[in-house]
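The structure appears below as structure tokens.
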Amino acid sequence: MQFEVWAPQADRLTLHRAGATHAMERDPERPGWWTAEAEAPDGTRYGFAVDDGPVRPDPRSRRQPDGPDGLSAVVDQGRYTWRSQWRGRGLPGAVLYELHVGTYTPEGTLDAAAERLGHLAELGVTHVELMPLCPFPGTHGWGYEGVSLWAVHEPYGGPEALKRFVDAAHGLGLGVVLDVVHNHLGPSGNYLPVFGPYFTERHHTPWGAAVNLDAPGSDEVRAYFRGSALAWLRDYRLDGLRLDAVHALKDTRALHFLEELATAVDALAEEVRRPLFLIAESDLNDPRLITPRAHGGLGLHAQWNDDFHHALHTTLTGESQGYYADFAHAGPAGLAKTLTGGFFHDGTYSSFRERRHGRPLDRTSVSAHRLLGYTQTHDQIGNRAQGDRLAATLSPGLLACAAALVLTGPFTPMLFMGEEWAASTPWQFFTDHTDPELAEAVRRGRRREFAEHGWAEEDVPDPQDPATRDRSCLDWSEPAREPHARMLSWYRVLIALRHSLPDLSDPDLSDVKVAFDEEARWFGFRRGDVLVALNLGKETAEVPVGVPHARVLAAWDPVEAPGADGVLTLGGESCVVLTVA
């Protein structure tokens, strides 16, 4: 086979393979590239030495059997025999489920997670969104410090296990989305700078020098990240990618990297004849991200909507610290604004940023499915000091109200694993750094961060303690017992309604009508013939739905349909879905 590597500043390149050494030659057709021919069946270990330096993994390694610091291994992508005939499943009408392989089951592997996919099919979700799978130090971690962006973390099962997982998911009618990190690489095992200018001091991010998307050499760097993204979609038959923190991709070129990537993904979708999509995580509140390229946008297919989360979270919990402050001050009016306009900060002043933030979204032209709505994510749970879920502090009734807002609202819903049964297990920040100095730095940094917010050091879990990860694993005995079974049933009912009622998949934001009474603590909205009423207070509320004799489709607690006066009597901390059809 032909080995190749981009190392534009090197004088010599050497391939080390199976105990043999091969001098590599410059590629006359591609400046900066080096090639060598050598026999290498599947599993062959190899690496590259730049200018007689240490042997390092291939930047485009498909497998790292011994972790980020070890040799790469050849992967024959044609060895796996796919069983499912999958035509794809697009984003419109989707319900996503964010899943962390390492804590979805106690085993923490892709094969163990695949055995639990039947639960998700019965729940009614359409896509599993896997948190990052690229290799990282040790066994357990969130995955956002990965390296080798073409490889699968070996403790999860490696590349073959991912194919088995995707195959099993597709066989159950579930699409698979992968969270990928292009904005930085982990502090351990990142050898890209040895090979070329993958990073630039022109820009800086919270992780240091930025990925080089616009400085000299950036053509090949962009090709590296673009090629990695396409490889996941093509070789593993994934249905989409979630792009982590795209606001940290610093790119001043006329053709932004995200537009270039979206164009390439759309072309691949045409080639493989199935829908593919990109979902951005962004705090820019810039509609251009999800505006089609034909209308001057970057052409990404969707983005997470943290504004909706923040508005809902503050309405439910009353929390007002940090970036929650503006949302808490706005109260239910802020939630109403996000439900009808997408963004809360759309050019308004952000007290957290001490400046104006965002830009209005044209709700007459941007489909609501391009925004993802959720009550909980790995970030919003795991970045709390103790990793506590909403279930730790909210009543089952309020959790049911939150589910109703997400699953009958205008945005593409996304759940975080275990949310559907109000899991009692926390989801905490955990690492498994093999470098003692780095491990201690992370431990101290985590405790120092939360000490500034009044937490005692002993109350902040040690990320390096294996017990922190173990506490974060789902307890699969919970869904079969109360109060978890009732919540799971409620989620199944709401998801089934979303799939069966066209009004709940209508992408028209301008058709969402909202009403609320801040003092009485009720909130309601209408989408076509569907009415959703929530009582977030503890006392019974009289909710003027304005439609006499509307029919109850689903209710958290028993409730009578509104009478001739169109008034609904709704018990405390409860919710109902009605139809006027």
Side-chain angles (χ1 to χ4, degrees), residues 82 84 86-101 110 113 117 120-121 125-134 143 149-150 152 162-163 165-183 225-246 249 257-282 289-293 297-305 367-374 377-378 411-417 505 507:
W82 293 90
S84 61
W86 181 245
R87 296 183 178 180
R89 192 161 192 172
L91 197 56
V95 178
L96 279 69
Y97 186 95
E98 190 183 19
L99 185 157
H100 178 261
V101 170
L110 283 157
L117 285 173
L120 301 183
V125 301
T126 63
H127 294 77
V128 183
E129 182 177 304
L130 297 173
M131 288 174 61
L133 298 180
C134 292
L149 299 189
W150 304 55
V152 179
L162 177 56
K163 290 179 180 179
F165 180 93
V166 174
D167 216 358
H170 287 171
L172 292 170
L174 298 168
V176 182
V177 182
L178 177 64
D179 193 338
V180 296
V181 184
H182 290 165
N183 51 61
F225 288 99
R226 185 176 67 248
S228 168
L230 297 178
W232 290 115
L233 296 169
R234 181 183 57 249
D235 297 340
Y236 295 95
R237 300 193 178 184
L238 297 177
D239 299 277
L241 301 174
R242 183 258 191 188
L243 309 177
D244 182 65
V246 300
L249 296 174
F257 170 72
L258 291 174
E259 181 179 352
E260 184 179 331
L261 177 59
T263 302
V265 169
D266 288 345
L268 180 61
E270 290 289 331
E271 178 186 330
V272 299
R273 297 183 179 180
R274 57 186 175 89
L276 303 172
F277 53 84
L278 297 173
I279 302 171
E281 180 200 19
S282 171
L289 278 176
I290 55 175
T291 298
R293 293 185 297 280
L298 300 184
L300 299 180
H301 306 91
Q303 74 159 82
W304 282 23
N305 187 4
S367 294
H369 84 268
R370 295 186 182 276
L371 296 174
L372 269 61
Y374 37 84
T377 69
H378 76 271
F411 310 127
T412 295
M414 185 180 74
L415 315 180
F416 181 71
M417 63 177 198
S505 57

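- Side chain of E129 to main chain of E98: no donor-acceptor pair is present (N/O by atom type, distance under 3.5 Å, no hydrogens or angles).
- Heavy-atom minimum distance, L178 versus P132: CD1-CA, 4.5 Å.
- A donor-acceptor pair under 3.5 Å links the side-chain atoms of R89 to the main chain of G173, judged by distance alone.
- Within the model, atoms CH2 of W232 and CG of L162 stand 6.5 Å from one another, a figure rounded to the nearest 0.5 Å.
- Side-chain contact between L243 and L258 is present, with at least one heavy-atom pair separated by less than 4.5 Å.
- In this structure, F277 has its ring center under 6.0 Å from that of H127.
- Between V272 and L233 there is no side-chain heavy-atom pair separated by less than 4.5 Å.
- The NE2 atom of H378 sits 6.5 Å away from atom CG of D179, with the distance rounded to the nearest 0.5 Å.
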Run the side chain to side chain contact (heavy atoms under 4.5 Å, CB included) test on H170 and D239 for me, step by step, so that the C-alpha distance in whole Å, both residues' side-chain angles and the decisive distance to 0.1 Å come before the verdict. CA-CA 10 Å; H170 287 171; D239 299 277; 2.9 Å; yes

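- In this structure the side chain of F225 reaches within 4.5 angstrom of the side chain of L149, judged on heavy atoms.
- Of the possible polar contacts, none joining the H301 side chain to the I279 backbone as a donor-acceptor pair under 3.5 Å is found.
- Considering all non-hydrogen atoms of both residues, F257 and H182 come closest at CE2-ND1, 3.9 Å.
- In this structure, the side chain of Y374 engages the main chain of N305 through a donor-acceptor pair within 3.5 Å.
- Looking at D235 and W150, their side chains never come closer than 4.5 Å, going by heavy atoms from C-beta outward.
- The minimum heavy-atom distance linking G93 with T126 is given by the pair O-CG2, 4.2 Å.
- Residues R370 and T291 are not in side-chain contact: their nearest non-hydrogen atoms beyond the backbone lie 4.5 Å or more apart.
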Would L300 and L261 satisfy side chain to side chain contact (heavy atoms under 4.5 Å, CB included), going step by step from the backbone distance to the final call? CA-CA 9 Å; L300 299 180; L261 177 59; 5.8 Å; no

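- Nearest heavy atom pair, residue P413 against residue A94, reads CD-O, 3.3 Å.
- When atom types are taken as modelled, the side chain of Q303 and the backbone of I290 share no donor-acceptor pair closer than 3.5 angstrom.
- Closest approach of A262 to G299, counting heavy atoms only: CB-O, 3.7 Å.
- In this structure, W86 and D167 have side chains that are not in contact, with every pair of non-hydrogen atoms separated by 4.5 Å or more.
- Annotation: side chain of F411 is not in contact with side chain of L372 (no heavy-atom distance under 4.5 Å).
- A distance of 6.0 Å separates NE2 in H369 from OG1 in T412, rounded to the nearest 0.5 Å.
- Between L130 and F165 the shortest side-chain heavy-atom distance falls below 4.5 Å.
- A distance of 9.5 Å separates CE of M131 from CG of D244, quoted to the nearest 0.5 Å.
- For the residue pair N183 and L249, the shortest heavy atom distance occurs at CA-CD2, 3.7 Å.
- With rounding to the nearest 0.5 angstrom, the CG atom of L278 is 10.5 Å from the CG atom of L91.
- Going from atom CG of L371 over to atom CE of M414 covers 12.5 Å, rounded to the nearest 0.5 Å.
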